[in-house]
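Below is one structure, written out as structure tokens, with a few remarks after it.
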Amino acid sequence: MSDIQISFEDAEAARALLGAHGSHLKQVSALVGVEAHSRGGQVTISGPREEAGLARAVLTQLYDLIRQGYPVYEMDVEFAVRVLSANPEAVLKDIFLDQVYLTGKKRIISPKTLTQKAYLEAMRSHDIVFGIGPAGTGKTYLAMAMAVDWLVKGKVDRIVLARPAVEAGEKLGFLPGDLAEKVNPYLRPLYDALHDMMDFEKAGRLMGKGVIEVAPLAFMRGRTLNASFVILDEAQNATTEQMKMFLTRLGFDSRAVVTGDVTQVDLPSGTRSGLVEARRILTGIQGIAVIDFSEADVVRHRLVREIIKAYEREGA
């Protein structure tokens, strides 16, 4: 057992660190498995040596983040514990302060896990990036943030967002409406992410001008996309032929990000997933990066992570 005392000299930063009524300190205690108490800027941690050391690292690194102007919320505390539990040598500042984009709502978008950090670095340094893993790991959201950031900075002239129009066994022909109305439900998640990045009216204007395009994967055939940031979402539902078609659309000064979850394939029985095939065929080619996410990278509600774990156990 260890007793560790930490002194935080910046009173304002210390209050932000501890949270309202000590909520953040209680959260660290519960997540790590230690007893922690505070008096003013003094914190005492009691517990097993390893756990007490982890709690100290979490608190001191979060304190440094706060002093650099990073607003720490309840979810950030959980992310900090998860990151430092997985890698005690990790530096939270290198992860949390890697700002991707500042939304119109003045909300900073930044990585929350080591894998997300590696994903962002891969997008900056590779022309084609595959982000593969379960739902809720930020694959599409971070790709969208990077795309909007590049568009705003003038690194690309347009953003193209694509998705296969095959979901959970449903067919377009059974849906009401014209082609646009049939396809729109499949593209809704991309619209949602886009509108989270920028003002609704601004997004509408850019889409009206063709600067931002959201389209079914099938509409990519025959095109060459220059100076574009192209995202293919739900790529596990692309066939091998569609994946080849998509990847060969890439023109000069363009980036492509392909995201998907190979455990959620909705293609007809006997049809191979283009994402699975592409990973096998293209791994090792210079300029292409493959980033694997796991349930540890889920940044949605805590229960999402537990649900993914439960289904993985059932599948095993």
Side-chain angles (χ1 to χ4, degrees), residues 79 82-83 86 95 98-101 109-151 155-156 159-164 167 186-187 189-190 192-194 196-197 214 217 220 225 228-240 242-244 246-247 249-250 254-267 273-300 304-305 308 312:
F79 294 152
R82 284 163 55 182
V83 168
I95 302 172
D98 184 3
Q99 180 176 323
V100 187
Y101 183 67
I109 298 175
S110 62
K112 302 299 182 185
T113 71
L114 290 168
T115 306
Q116 287 190 350
K117 170 72 171 175
Y119 184 50
L120 292 178
E121 291 176 346
M123 283 191 280
R124 292 177 179 128
S125 59
H126 293 74
D127 290 337
I128 297 176
V129 176
F130 289 86
I132 303 174
T137 50
K139 305 181 300 295
T140 303
Y141 196 79
L142 287 175
M144 186 78 77
M146 185 69 78
V148 174
D149 183 60
W150 277 39
L151 180 67
K155 293 183 178 181
V156 293
I159 297 172
V160 180
L161 312 171
R163 224 178 189 222
E167 300 279 338
Y186 297 106
L187 305 177
L190 294 176
D192 291 343
L194 176 62
D196 205 25
M197 304 288 166
V214 183
L217 174 59
M220 297 294 104
L225 302 172
S228 302
F229 200 114
V230 192
I231 300 172
L232 174 59
D233 188 35
E234 296 289 339
Q236 76 275 4
N237 289 328
T239 64
T240 298
Q242 287 175 324
M243 180 63 72
K244 179 181 177 183
F246 173 80
L247 293 174
R249 298 309 92 203
L250 200 64
S254 291
R255 284 282 196 278
V257 180
V258 179
T259 69
D261 178 359
V262 295
T263 69
Q264 297 290 326
V265 177
D266 295 317
L267 291 168
S273 168
L275 180 58
V276 175
E277 290 288 292
R279 176 178 184 156
R280 180 179 63 82
I281 295 170
L282 303 177
T283 297
I285 296 178
Q286 187 174 359
I288 297 178
V290 178
I291 304 297
D292 289 303
F293 293 83
S294 71
E295 57 85 18
D297 299 299
V298 173
V299 293
R300 290 181 183 170
V304 174
R305 196 163 63 255
I308 291 170
E312 287 180 346

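Partners of Q236 according to the side-chain hydrogen bond (donor to acceptor under 3.5 Å, both in side chains) rule, which considers only residues two or more places apart in sequence or in another chain, are E234. Residues meeting the side-chain hydrogen bond (donor to acceptor under 3.5 Å, both in side chains) test with T115, sequence neighbours left out: D297. The ring pair (Phe, Tyr, Trp, His ring centres under 6.0 Å) search around F130 returns none, not counting sequence neighbours. In this structure D98 satisfies the side-chain hydrogen bond (donor to acceptor under 3.5 Å, both in side chains) test together with K117, R124, sequence neighbours excluded. Considering only residues two or more places apart in sequence or on other chains, E121 meets the side-chain hydrogen bond (donor to acceptor under 3.5 Å, both in side chains) condition with none of them. For F229, the ring pair (Phe, Tyr, Trp, His ring centres under 6.0 Å) test picks out W150, with sequence neighbours left out.
Here the closest non-hydrogen pair linking T137 and Q116 is O-NE2, 2.8 Å. Annotation for F246 and A256: closest pair CE2-CB, 4.4 Å, computed over non-hydrogen atoms. Counting all heavy atoms, side chain and backbone alike, S110 lies closest to V100 at CA-CG2, 4.2 Å. Minimum heavy-atom separation, G138 to Y119: O-CE2, 4.2 Å. Residues L217 and A162 come closest through the heavy atom pair CA-CB, 4.3 Å. In terms of heavy atoms, A147 sits closest to I231 at CB-CD1, 4.1 Å.
L114 contributes atom CG, which lies 11.0 Å from atom CZ of R82 (distance to the nearest 0.5 angstrom). Between atom CD1 of residue I132 and atom OG of residue S294 there is a gap of 13.5 Å, rounded to the nearest 0.5 Å. Note that the CG atom of D149 and the CD1 atom of I109 stand 9.5 Å from one another [nearest 0.5 Å]. The distance from the CE atom of M123 to the CE atom of M146 is 4.5 Å, given to the nearest 0.5 Å. Summarising the geometry, atom CZ belonging to F293 is positioned 6.5 Å from atom OG1 belonging to T113; distances are rounded to the nearest 0.5 Å. Going from atom CG of N237 over to atom CG of L232 covers 10.0 Å, rounded to the nearest 0.5 Å.
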Apply the test side-chain contact (heavy atoms from CB on, under 4.5 Å) to residues V299 and Y141: give CA-CA distance (whole Å), side-chain angles for both, the deciding distance (0.1 Å), then the verdict. CA-CA 11 Å; V299 293; Y141 196 79; over 6 Å; no
List the steps and the verdict of side-chain contact (heavy atoms from CB on, under 4.5 Å) for M197 and M144. CA-CA 8 Å; M197 304 288 166; M144 186 78 77; 3.9 Å; yes
Where do L161 and D233 land on the side-chain contact (heavy atoms from CB on, under 4.5 Å) test, with the steps shown first? CA-CA 8 Å; L161 312 171; D233 188 35; over 6 Å; no
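When side chains are defined from C-beta on, R249 does not count as touching V160, because their heavy atoms never get closer than 4.5 Å.
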Hey, can you pull the donor-acceptor pairs under 3.5 Å for the side chains in residues 282-291, sequence neighbours left out?
unit_1, atom_1, unit_2, atom_2, d
T283, OG1, R279, O, 2.5

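A distance-only check finds a donor-acceptor pair linking the side chain of S273 to the backbone of L275 [under 3.5 Å].
Within the structure, no pair that satisfies the salt bridge (Lys or Arg N to Asp or Glu O under 4.0 Å) test touches residues 137-146, not counting sequence neighbours.
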